[in-house]
Trainee: 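Here's a structure for you.
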Amino acid sequence: MKRYDPQSIEPKWQRRWEETGIFTAPDKPGTKAYVLDMFPYPSGDGLHVGHPRGYIATDAYSHFKRLTGHDVLHPMGWDAFGLPAENAAIKKGVHPAENTTRNIENFRRQLKSLGFSYDWSREVNTSDPDYYRWTQWIFLELFKAGLVYRDVGQQWWCPNDKTVLANEQVIDGKCERCGAEVTKKELTQWYFKITAYADELMDALDELDWPEPIKAMQRNWIGRSEGAQVTFGSDAGDITVYTTRPDTLFGATYLVLAPEHALVGKLTTTEQATAVGKYVEQAKRASEIDRTATDRKKTGVFTGSYATNPANNERIPIWIADYVLASYGTGAIMAVPAHDSRDREFAEVFDLPVRQVVMPETGAPVDGEEPRRSIVAIVEHPKTGELLTLDWEKGGGTLFVGGGRDEGEDPEAAARREVAEESGYTNLELVARGIQAKNHYHTIAHGKARCSTAELFHFRLKDEARDEPKLEDHEQGLFTVGWMAPAEVERRMTDPMHGFAFRWFMKREAFGGEGILVNSGQYDGLTSATARERIIADLKKRKVATEQTGYKLRDWLISRQRYWGTPIPVIHCKKCGPQPVPGEDLPVELPNVEDYLPTGDGRSPLAKVESFVQTPCPKCGDAAERETDTMDTFADSNWYFLRYPSPDKKDGPFDPAALKAWMPVDVYVGGAEHAVLHLLYARFWTKALADRGHLAFREPFLSLRNQGMILADDGRKMSKSLGNVINPDEVVEGLGADTLRIFEMFIGPFDQSADWSTQGIEGSYRFLKRVWTFGQRLAEANSGHTHGSDKVSAAERDWKRVASQATKRVTESIEGFRFNTAISALMEALNGFQSLADDAGGVPATARPYFERYLVLLTPFAPHIAEELWRELGHEDSIFTQDWPTIDRAALKQETAAIVVQVNGKVRTTVTLPTEGLTEAAAVQAAQENEIVQKHLGDAKPKQVIYVPGKLLNFVV
RNA sequence: GCCGGGGUGGCGGAACUGGCAUACGCGACGGACUCAAAAUCCGUUGCCCGCAAGGGCUUGUGGGUUCGAAUCCCACCCCCGGCACCA
């Protein structure tokens, strides 16, 4: 018997497959499947074992699709331009072009050693002029569509990489690439107007088969909010604020402007000038990180001026505070401390008034419920800080003092009366009042549906003077009165209204939810939603408000002052302004220069290349200068998937027929780290190109799957500096590509991160060795047996059942991207085959058709061993010419069914009965005859018998 | 804080739509082969009580619905990821 020797069979088949070109995608597919990996940036370090996890999955998926009759486009390419490539080259002292070429060769070699079925004839490289020519072409298309513009502004600047960064590339105030703290720099830069597509980018997400976290991240990033701009009058002129909660307008007790707001100077009174000046100066100096730290205490300063609330003509103070951002909305807000947590925090610090205008409504309204007025009183102990609580015996939980309020009774008097009646305490000091809440509930005492509108009170005990409590009859013995620490109260509080009182008075939280308006004049009693509409409508009539949608999304800044990127195809003419390079002059080639180091003066190294810069204006012909900035790398990766269907197209970026044949991408696989950058930009370009008439679809990736990271065996990220990197080359040399592929699919759920395990991969190797041995034994049984007869022996039926079971489970697992369960199904099937072989005293020749079916199931994951064993079994053709086995439902049937017998829901035993003609009556009879069942049933006659056909029987006694 | 995902043996994890929890693999223990080791093969392996037969407990915690809950509902705790004074 031959030994399993992956080192010899794997390269052999890789060569054969390449020679025969069996994985080449046709130009005119039948039923197509476009299975795409996020193409890598070819780093000098090569692959570590974490990288191929996604590639292994797409490769398995591609094979599965091919074997199920699809034409598959499964391409690979290189995201070769960009900062990391350039930085690596600088560090090594090798020109980026040369370094990149070398890295690509290494990557390609590594990928090929894993036996992937890429169609290498369609390889793309973003740093190739034949490619970036079309990146420039698309830039010009967007330019023509008015989606590209230039603007001066403060830009994020990475002092280490010496280039500007997009908002998305700044993480916690640091450069995403190198981790250096970013600063701001004023520059004129190019932008893509992605905000023009904000709504579509947001709405179309609903239809995509993408992981929920990724969709959530994109929604969050776009950050759409419906609201209104409202104008407040002031001595220094109108102040417009943006709010999403116009229903809380009556609760606005002050305005806040960002320190950078244009009106700050005008609004500041002479008395406040020094304080304001100092604050504004301070805000300017504070770094962005300090300013946006949320755990920081609120700071601010009063301007001395007042504004008029257009809703109620109230005069309210105008403050300046850095918690308001100049860059969002209008740079000014109306502060509603009762209903916004940040405003409430600020109001607590500066002792500004807090006015409730929305009361929470909890519980569900019921027809015929009894309306009621009531009170809730929190009584605080002055020494211990504990709160007076009523602990209700029967499921009432812990409550504060609460009770009804008589017709015409003053709420505060009612509250004091209830405290005295229920606890006996009489000497209370009022801390706060004037807060309301509404609750629909069922009374514990009489079980009636009630709707209670409560006034909430916060008292402090003045002394311990105490009368005898005067409980009503129905309250007797139902609760105990006591003192409880606030933290304990919070944990045990179950009633929503009492909980609200606690959060409002004790935790000093704002109520940010929706509810019913109070303290809002004519709008009292309306719901938040209705009030919003009415208030806006009324203010619109008076021309002091307009509806406004806000977005967090900003336009995409694409200029980079670096060498290694796609040159921006624009010529600056003194007379004609910036002119697009005419299409026939593309590509604007990146000159091959010696000095490509970033300059740090805000200009790209290309500015030093006279021959590149000097060029005539395409419009007037006068001497002009080329744009010297290059494009952000994300521009390159924005459309590469459009190039694969027609990679050699000379007169355009893509061939419409090829796109029609292959696009959109059916399955796209990559890391979750591209949730907002690449995936959002690529969607944007697709939509923009569709609007220019170039594409017939508006979403590039119908279905997206994320692979989880593979961590080192210590649970940390693999990194060179930690010395815990596992190189796939070593694994391939030692155990083989098939073992690596099997292990990475088996290691855990595909989208979750997993720890590498040297012992774990041994298990995968052992599995393949057992497959090998089984195949060899079968080959030795040397049978001419083919499965053609209708008569299947009893033993054969078992073989068939195992194969069918595996087919079902592997098929369903692959379809659901649950590769770990696909592998375990393959392992179980092999175990099943083996025990059948043990029963038969060796691998019988009759096993052949079933094992061959099994090999096809194994092919997507371990193609080399499957192909080799296929050959060993005497086949001349490739296993890839086979059809995926169909799921044979009939063959799945067992001849006997083990029925679980429960007594009162507890499993007691199983009874085994023939499946054929199995009825409930037969099952019940068999169970009742069973000794163990009899023991547990005793003499009792079952009240009820639950029967789940063929599975379970439950006697309820 | 907000949004999203999750919590199951010693470990990675499985369990379709509520129906035998712990599949598959790793590890551990015992055995066969061997002078010995490796490799391979066979067996055991959730926890507790018990010599055993057997019994009890168990899917983060507490409660609920159900004949029956890892799965559904309510409340809470913890972990991971993203966003974060975005009004």
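Just so we're on the same page: letters track the sequence lines, and every chain starts at 1. Predicted model only: the values in this text are computed from it and were never measured.
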Trainee: Between B:rA36 and B:rU61, how many Å separate the two P atoms, rounded to a whole number?
Mentor: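 Those two atoms are separated by 49 Å.
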Trainee: Is a side-chain donor or acceptor of A:Lys215 paired with a backbone partner of A:Leu205 at a separation under 3.5 angstrom?
Mentor: yes
Trainee: May I have the distance from A:Phe746 (atom CZ) to B:rC26 (atom P), rounded to whole angstrom?
Mentor: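 Rounded to the whole Å, the gap is 8 Å.
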Trainee: Should the ring pair A:Phe346 and A:Phe350 be called parallel, tilted or perpendicular, given that the plane angle runs from 0 to 90° and is split at 30 and 60?
Mentor: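 Because their plane-to-plane angle lies in the 30° to 60° range, the rings of A:Phe346 and A:Phe350 count as tilted.
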Trainee: Nearest to the side chain of A:Gln759, heavy atoms from C-beta on, is which of B:rC20, B:rG56, B:rC26?
Mentor: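 Nearest listed nucleotide: B:rC26.
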Trainee: Roughly how far apart, to the nearest Å, are B:rC77 and B:rG62 at atom C1'?
Mentor: 10 Å
Trainee: Which value, in whole Å, describes the distance between the P atoms of nucleotides B:rU17 and B:rU71?
Mentor: 14 Å
Trainee: Determine the contact category for A:Gln752: base if any of its heavy atoms lies under 4.0 Å from a base atom, sugar-phosphate if only primed atoms, P, OP1 or OP2 are that close, otherwise nothing.
Mentor: sugar-phosphate
Trainee: Can you tell me if CE on A:Met709 sees more than 12 non-hydrogen neighbours from other groups inside 6.0 Å?
Mentor: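 Incorrect, the count does not exceed 12.
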Trainee: What contact category does A:Val907 fall into here, base, sugar-phosphate, or nothing, at under 4.0 angstrom with non-hydrogen atoms?
Mentor: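 Result for A:Val907 = sugar-phosphate.
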Trainee: Does any nucleotide pair with B:rC83 by Watson-Crick or G-U wobble geometry, both distances under 3.5 Å, and what is it?
Mentor: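 Here B:rC83 is engaged in a pair, and the nucleotide opposite it is B:rG1.
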Trainee: At 4.0 Å (heavy atoms only), tell me whether A:Arg766 reaches a base, stays on the sugar-phosphate, or touches nothing.
Mentor: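 Since only primed, P, OP1 and OP2 atoms lie under 4.0 Å of A:Arg766, the category is sugar-phosphate.
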Trainee: Is it true that A:Arg705 and A:Asp209 have a side-chain N and a carboxylate O under 4.0 angstrom from each other?
Mentor: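 Salt bridge present between A:Arg705 and A:Asp209.
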Trainee: Need one value for A:Lys906: base, sugar-phosphate or nothing, where a base atom within 4.0 Å counts as base even if backbone is also close, heavy atoms only.
Mentor: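 Sugar-phosphate only.
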Trainee: Select base, sugar-phosphate, or nothing to describe what A:Ser225 touches, counting heavy atoms under 4.0 Å on all strands.
Mentor: sugar-phosphate
Trainee: How are the rings of A:Phe511 and A:Phe500 set relative to one another: parallel (under 30°), tilted (30 to 60°) or perpendicular (over 60°)?
Mentor: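 Rings of A:Phe511 and A:Phe500: perpendicular, over 60°.
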Trainee: Should the pair A:Arg3 and A:Trp772 be classed as cation-pi, given the thresholds of under 6.0 Å to the six-membered ring centre and 45° from the axis?
Mentor: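 Ring-cation test returns no.
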Trainee: Tell me: CG of A:Leu952 to P of B:rG68, nearest whole Å?
Mentor: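 It works out to 13 Å between those atoms.
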Trainee: Looking across every strand, which nucleic acid part, if any, lies under 4.0 Å from A:Val956 by heavy atom: base, sugar-phosphate, or nothing?
Mentor: sugar-phosphate
Trainee: Measure the distance from CD1 on A:Ile222 to C1' on B:rG4 and round it to the nearest whole Å.
Mentor: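 Rounded to the whole Å, the gap is 16 Å.
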Trainee: Could you work out the separation of B:rG19 and B:rA15 based on their C1' atoms and round it to a whole Å?
Mentor: 12 Å
Trainee: Determine the contact category for A:Arg344: base if any of its heavy atoms lies under 4.0 Å from a base atom, sugar-phosphate if only primed atoms, P, OP1 or OP2 are that close, otherwise nothing.
Mentor: nothing
Trainee: Base, sugar-phosphate, or nothing for A:Asp343, non-hydrogen atoms under 4.0 angstrom?
Mentor: nothing
Trainee: Where does B:rG9 land, syn or anti, once you apply the within-90°-of-0 test for syn?
Mentor: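 Syn for B:rG9; the angle stays within 90° of 0.
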Trainee: For B:rG19, which nucleotide in any strand shown is its Watson-Crick or wobble partner with both distances under 3.5 Å?
Mentor: B:rC67
Trainee: Could you tell me whether A:Glu931 atom CD has more than 12 heavy atoms of other residues or ligands within 6.0 Å of it?
Mentor: no
Trainee: Heavy atoms under 4.0 Å, any strand shown: does A:His339 hit a base, just sugar-phosphate, or nothing?
Mentor: nothing
Trainee: When the nearest nucleotide of RNA chain B is assigned to A:Lys808 and to A:Ser341 on a heavy-atom basis, which residue is associated with the more 5' position?
Mentor: A:Ser341
Trainee: May I ask you to say what A:Thr244 touches in the nucleic acid, namely base, sugar-phosphate or nothing, with a heavy-atom cut-off under 4.0 Å?
Mentor: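 Sugar-phosphate only.
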Trainee: Now, which nucleotide makes the Watson-Crick or G-U wobble pair with B:rG43, with each of the two distances under 3.5 Å?
Mentor: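 Per the H-bond distance test, B:rC29.
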Trainee: Rounded to whole angstrom units, what separation is found between the CG atom of A:Leu892 and the P atom of B:rC16?
Mentor: 17 Å
Trainee: When the P atoms of B:rC73 and B:rU66 are compared, how many Å lie between them, rounded to an integer?
Mentor: 16 Å
Trainee: Counting the atoms with a prime plus P, OP1 and OP2 as sugar-phosphate, which does A:Lys769 contact under 4.0 Å by heavy atoms, base, sugar-phosphate, or nothing?
Mentor: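 Sugar-phosphate contact only - A:Lys769 comes under 4.0 Å of backbone atoms but never of a base.
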Trainee: Which part of the nucleic acid does A:Gly763 contact within heavy-atom distance under 4.0 Å: base, sugar-phosphate only, or nothing?
Mentor: sugar-phosphate
Trainee: For A:Phe743, run the ring pair (Phe, Tyr, Trp, His ring centres under 6.0 Å) check against A:Tyr765, A:Phe819, A:Trp756 and tell me which one passes.
Mentor: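 Checked A:Tyr765, A:Phe819, A:Trp756 against A:Phe743; only one passes ring pair (Phe, Tyr, Trp, His ring centres under 6.0 Å): A:Trp756.
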Trainee: Taking the C1' atom in each of B:rG10 and B:rC47, what is the distance between them to the nearest angstrom?
Mentor: 12 Å
Trainee: Please give, in whole Å, the distance from B:rG25 P to A:Leu735 CG?
Mentor: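 In whole Å, B:rG25 P lies 18 Å from A:Leu735 CG.
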Trainee: Measure from CD1 on A:Ile742 to C1' on B:rG12 and round the result to the nearest Å.
Mentor: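 So the two atoms are 17 Å apart, to the nearest Å.
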Trainee: Below the 4.0 Å mark, does B:rG68 have OP1 or OP2 next to a side-chain nitrogen or oxygen of A:Asn904?
Mentor: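 Checking A:Asn904 against B:rG68: no side-chain N or O falls below 4.0 Å of OP1 or OP2.
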Trainee: Rounding to a whole Å, what distance do you find between A:Phe955:CZ and B:rC20:C1'?
Mentor: 16 Å
Trainee: Report the base-pairing partner of B:rA38 (Watson-Crick or G-U wobble, both distances below 3.5 angstrom), or none.
Mentor: none
Trainee: Counting heavy atoms from C-beta on, name the nucleotide in B:rG54, B:rC20, B:rC85 closest to the side chain of A:Lys935.
Mentor: B:rG54
Trainee: What contact category does A:Arg770 fall into here, base, sugar-phosphate, or nothing, at under 4.0 angstrom with non-hydrogen atoms?
Mentor: sugar-phosphate
Trainee: In Watson-Crick or G-U wobble terms, both distances under 3.5 Å, what is the partner of B:rG9?
Mentor: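 No nucleotide pairs with B:rG9.
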Trainee: Round to a whole Å and report the spacing from CZ of A:Phe819 to C1' of B:rG25.
Mentor: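 A:Phe819 atom CZ is separated from B:rG25 atom C1' by 18 Å.
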Trainee: Using the C1' atom as the point on both nucleotides, what is the distance between B:rG6 and B:rA70, in whole Å?
Mentor: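 Pairwise C1' distance, B:rA70 against B:rG6, rounds to 13 Å.
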Trainee: Using atom P of each nucleotide, how far apart are B:rA69 and B:rC57 to the nearest Å?
Mentor: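 Those two atoms are separated by 12 Å.
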Trainee: Scan A:Pro749 against the nucleic acid and name what it touches under 4.0 Å (heavy atoms): base, sugar-phosphate only, or nothing.
Mentor: sugar-phosphate
